[in-house]
Amino acid sequence: MGFRTTGEAMGRRVTVGALALALCACVDKADLPRPMVQADPVAGLAVIEEVGCAACHKIPGVAWPEGRSGSNLAGFGARPLIAGRLPNQPDVLIRWLIDAPSMDPGTAMPPMPLTQDQARDVAAYLYTLDED
Ligand code: HEC
């Protein structure tokens, strides 16, 4: 019983890692695209423009000077992994968009000022980007 109380935060991190491993094992292109119910990709695009994701990323459909410090998000919907190391699934992506450093303290992707609903819509837009 004692070992169960040794730190909630630590346990959470282990859980995310285990989840990443479990999902990586079975994610492949056959699972794509990822339908997201109750999400609005058009609203997501508006949020992307509002918060300025394109300052760092090249994002198809976004009319901004193209960012280069982050990655090109063209084709993101067809990729199995987020940032090459997390399973590209809606719930994981939503958390990444709101607070990437909580999932990987070393990442250069900053936390973004998005509500859960906004992040869900943004994720839905990113999943429409399935061609490079
Ligand atoms: C200050 C620059 C910056 C801003 C602003 C930013 N990002 Fe990022 N983003 C990054 C960097 C750098 C990475 C690469 C992180 C890594 O590999 O650890 C990244 C990674 C990502 C990834 C994973 C990409 C991949 O190839 O797997 C996605 C998706 C993403 N960002 C979406 C967004 C969205 C959507 C927004 C706006 C809500 C946003 N980013 C805002 C810098 C930024």
Side-chain angles (χ1 to χ4, degrees):
M1 201 60 187
F3 70 93
R4 292 206 174 184
T5 60
T6 52
E8 181 74 5
M10 189 85 153
R12 284 191 129 201
R13 196 159 297 161
V14 171
T15 308
V16 172
L19 183 72
L21 281 179
L23 290 174
C24 289
C26 56
V27 168
D28 65 43
K29 287 218 169 197
D31 294 334
L32 307 173
R34 304 168 184 82
M36 290 182 71
V37 290
Q38 296 179 315
D40 181 349
V42 176
L45 178 57
V47 173
I48 286 172
E49 291 181 336
E50 196 182 307
V51 301
C53 311
C56 294
H57 293 284
K58 182 169 159 53
I59 306 175
V62 178
W64 263 63
E66 291 174 354
R68 291 286 177 215
S69 65
S71 49
N72 183 347
L73 298 184
F76 178 77
R79 291 184 212 159
L81 297 174
I82 300 167
R85 53 198 183 273
L86 295 163
N88 192 358
Q89 296 293 326
D91 52 340
V92 182
L93 179 59
I94 288 167
R95 194 173 150 201
W96 171 271
L97 294 174
I98 294 173
D99 192 2
S102 77
M103 307 181 86
D104 180 349
T107 188
M109 165 96 176
M112 294 301 292
L114 302 175
T115 65
Q116 188 80 18
D117 284 356
Q118 287 174 322
R120 200 183 51 212
D121 291 342
V122 169
Y125 182 75
L126 295 181
Y127 285 146
T128 68
L129 306 176
D130 53 6
E131 280 174 39
D132 286 312

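In each ligand, atom 1 is the first atom listed, and ligand 1 is the first ligand listed.
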Exercise for review: Kindly indicate whether the side chain of Pro111, heavy atoms from C-beta on, has any atom under 4.5 Å from the side chain of Asp99.
Suggested key: yes
**Study point:** Spacing of Asp91 atom CG and Arg120 atom CZ [to the nearest 0.5 Å]
**Key:** 12.5 Å
Point to revise | Contact (N/O only, under 3.5 Å) between Leu93 and ligand 1 | key: no
**Study point:** With sequence neighbours excluded, residues passing side-chain hydrogen bond (donor to acceptor under 3.5 Å, both in side chains) with Asp104
**Key:** Arg85
Point to revise | Distance, nearest 0.5 Å, that separates CE of Met36 from CG of Leu93 | key: 7.5 Å
Check your understanding: Does Val122 reach the side chain of Leu126, with side-chain heavy atoms less than 4.5 Å apart?
Key -> yes
Study note, to complete from the structure: of all protein heavy atoms, closest to atom 27 (O) of ligand 1 is Ala83 N, 2.6 Å
**Study point:** Gap between atom CD1 of Ile98 and atom OG1 of Thr115 - 0.5 Å precision
**Key:** 7.0 Å
Check your understanding: Can you list the ligand 1 atoms lying under 4.0 Å from a non-hydrogen atom of Val122?
Key -> 35 (C)
Check your understanding: Considering only the protein, which heavy-atom contact is closest to atom 16 (C) of ligand 1, and what is its distance?
Key -> Thr107 OG1, 3.3 Å
Review point. From Asp121 CG over to Gln38 CD, what is the distance, rounded to the nearest 0.5 angstrom?
Key: 10.5 Å
**Study point:** 4.5 Å side-chain heavy-atom contact, Ile59 and Phe76
**Key:** no
Review point. Among protein heavy atoms, which lies nearest atom 28 (C) of ligand 1, and at what distance?
Key: Trp96 NE1, 3.7 Å
Practice item. Give me the protein N, O or S atoms that fall under 2.8 Å of atom 8 (Fe) of ligand 1, sorted by chain and residue number. Key: His57 NE2, Met109 SD
Check your understanding: So how far is it from His57 NE2 to Met109 CE, rounded to the nearest 0.5 Å?
Key -> 5.0 Å
Check your understanding: Which of the atoms in ligand 1, numbered in the order shown and given with their element, are less than 4.0 Å from a heavy-atom of Ile82?
Key -> 23 (C), 27 (O)
Practice item. Between Met103, Arg85, Arg79, flag the one that comes closest to atom 26 (O) of ligand 1 by a heavy atom. Key: Arg79
Exercise for review: Show which atoms of ligand 1 fall inside a sub-4.0 Å distance from at least one heavy-atom site of Leu81.
Suggested key: 27 (O)
Check your understanding: Can you tell me how far the CD atom of Gln118 sits from the CD1 atom of Ile48, to the nearest 0.5 Å?
Key -> 11.0 Å
Check your understanding: How about atom 14 (C) of ligand 1: does it have a protein heavy atom within less than 4.0 Å?
Key -> no
